[in-house]
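Encoded as structure tokens, the structure appears first; notes follow it.
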Number of protein chains: 2
Amino acid sequence: MSHTLGVRQAQKQKTRQALLDAALGLLEEQSLSSLGLREVTRAVGVAPTAFYRHFRSTADLGVALVEEALGSLHPMIRTTVSTAGDSEERIVRAVELIARHVDAFPAHVRFIARERHGGVQPVREAIRDQLLRFAREVKTELAEDPEADGWSDEDLLMLAHLYVDQMLITASLFLEALDCPPGEREQVTRTATRQLRLISIGRSHWTG
Amino acid sequence: MSHTLGVRQAQKQKTRQALLDAALGLLEEQSLSSLGLREVTRAVGVAPTAFYRHFRSTADLGVALVEEALGSLHPMIRTTVSTAGDSEERIVRAVELIARHVDAFPAHVRFIARERHGGVQPVREAIRDQLLRFAREVKTELAEDPEADGWSDEDLLMLAHLYVDQMLITASLFLEALDCPPGEREQVTRTATRQLRLISIGRSHWTG
DNA sequence: CCATGCAGTTAACAACTGTTCTCTGGATTT
DNA sequence: AAATCCAGAGAACAGTTGTTAACTGCATGG
């Protein structure tokens with residue numbers, strides 16, 4: 001059973017989460033490599049030195065943010081790719097799901113898009129690892145589809161990567177369209193849907 | 001005729017270029033939003049105040065770097081997409097050309113990949129504008145292909161964006177593989193080629 | 001109930017930042 | 001040849017940064 005953790009550790013995790021939240025907020029207008037430790041603690045309202053009780057450095061905090069932003073996404077991936085229905089339905093559902101996710105967690109999406117190629121190596125590697133996990137999961141889902149008969153493992157993974165990258169691009173476009181008139185968002189939906197459709201067509205006509 | 005510019009302006013452009021080069025070097029291990037003005041001038045060997053003779057801020061310098069990194073790429077795009085040969089030949093040639101470009105200008109490629117979603121708004125916009133121009137150019141090239149009969153303008157642009165994004169992803173992967181054993185690079189080549197092939201297949205079976 | 005652990009505080013450190021003002025010396029113009 | 005211009009130097013500014021050390025007070029385990 002889950003042991004109720006003491007008042008002590010509860011407070012600690014509370015301020016830790018406050019640091020993560022404050023950092024995520026500050027990162028909407030800058031990159032991680034320019035995020036100062038004092039800046040974060042100031043936003044939370046704690047002393048600068050309190051930071052060290054939770055993270056070694058801002059890079060360390062960044063790795064924790066990767067976990068928070070992508071770690072909880074794996075179940076969603078599985079259920080999305082594997083939902084029943086014909087190809088067209090699945091595509092529409094996937095794009096909608098991405099749009100809703102960007103609406104719900106815009107700061108998370110922005111952080112991942114920004115730091116995927118950002119200036120902090122450990123964070124880049126953490127994101128790369130998570131995306132590789134995504135690709136592998138998508139691959140196993142694709143492998144279960146009867147359409148995947150005759151596909152080599154390598155080709156399945158190459159297609160999975162195509163889908164994952166496309167997902168990120170689409171999410172980033174939805175993010176840019178957040179402050180725009182709703183027409184923009186619909187345009188992103190149209191384009192993303194058609195791109196996925198084109199990939200899907202290419203898949204069904206693929207000859208290993 | 002091109003008027004030979006005086007010793008005065010020649011020196012100025014020389015230090016300006018030195019600032020750009022130094023910045024590009026420093027940006028291999030950080031993002032633009034954490035790049036300090038003093039840091040750049042120190043690397044060049046000039047006084048910090050000299051910076052203002054050339055740029056208003058590091059963000060301004062970043063915009064200039066976008067111009068340098070992407071501005072000279074347009075002719076290459078045109079000749080690549082429009083070279084003769086069947087679809088397969090063009091794909092192989094395109095991937096090779098990307099690989100060579102990453103080899104020749106790794107810092108430029110890294111800068112674009114990093115700052116495309118980076119923390120400095122004017123730079124993001126400059127990159128977005130250039131990529132949009134690329135997409136439009138690719139679109140006009142695609143439109144000339146007989147395979148594009150019956151394609152709407154919207155769908156042509158959607159396909160062009162798919163190609164441009166794919167180009168950037170591939171370039172970024174080649175960049176990561178630069179310090180790795182040559183086997184890595186060949187793997188990137190294989191995957192990128194097949195992804196383009198799949199897109200090409202989807203394109204030939206597309207029904208507007 | 002008392003001793004220990006530990007999250008968070010306070011104070012201070014040298015180093016660094018962007019920006020302003022003043023100045024200089026050589027190229028440019030007249 | 002003299003007057004002007006202007007890229008770059010130099011010094012100083014207030015403000016920021018990461019990191020160390022010694023501390024306080026409260027929840028915890030014996």
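The structure displayed is predicted, hence computed values, not measured ones. Quick note on labels: first sequence line is chain A, next is B, and so on, each numbered from 1.
Residues B:Ser57 and B:Leu37 are not in side-chain contact: their nearest non-hydrogen atoms beyond the backbone lie 4.5 Å or more apart. Under the 4.5 Å side-chain criterion, counting only non-hydrogen atoms from C-beta, A:Arg116 is not in contact with A:Arg124. No side-chain heavy atom of B:Phe111 sits less than 4.5 Å from a side-chain heavy atom of B:Glu28.
To the nearest angstrom, P of C:dT9 lies 15 Å from CZ of A:Arg42. Note: CD (B:Gln9) to P (D:dC5) measures 15 Å, nearest angstrom. Rounded to whole Å, the distance from CD on B:Gln11 to C1' on D:dC6 is 13 Å. Atom CD of A:Gln17 is separated from atom C1' of C:dA7 by 17 Å (rounded to the nearest Å). Between the C1' atom of D:dG18 and the CD atom of A:Glu39 lies a distance of 13 Å, rounded to the nearest Å. Following rounding to the nearest Å, B:His54 (NE2) and D:dC6 (C1') show an atom-to-atom distance of 11 Å. Here the C1' atom of nucleotide C:dG8 and the OH atom of A:Tyr52 are 14 Å apart, to the nearest Å. Look at CZ on B:Phe51: it is 19 Å from C1' on D:dG10, rounded to the nearest Å.
Atoms CZ and CG, on B:Arg203 and A:Leu198 in that order, are 9.5 Å from each other to the nearest 0.5 Å.
A side-chain donor-acceptor contact under 3.5 Å links B:Gln30 and B:Glu39.
Between the side chain of A:Arg8 and the base of D:dC26, no donor-acceptor pair of N or O atoms lies under 3.5 Å. Judged by atom type and distance alone, A:Thr49 does not reach the base of D:dT19 through any side-chain donor-acceptor pair under 3.5 Å.
When distances run from any side-chain atom of A:Arg53 to the nucleotides D:dA9, C:dG5, C:dG8, the shortest one goes to C:dG8. Listed candidates were C:dT10, D:dA27, C:dA27. Nearest to the side chain of B:Val7 is C:dA27.
Residue B:Thr15 places none of its side-chain N or O atoms closer than 4.0 Å to OP1 or OP2 of D:dA7. Distances shorter than 4.0 Å separate none of the side-chain N or O atoms of A:Arg38 from OP1 or OP2 on C:dT17. Between B:Arg56 and C:dT19, a side-chain N or O to OP1/OP2 separation shorter than 4.0 Å is absent.
Take the nearest nucleotide of DNA chain C for B:Thr58 and for A:Lys12: the residue whose nucleotide is more 5' is A:Lys12.
Heavy atoms of A:Arg16 sit nowhere under 4.0 angstrom from any nucleic acid atom.
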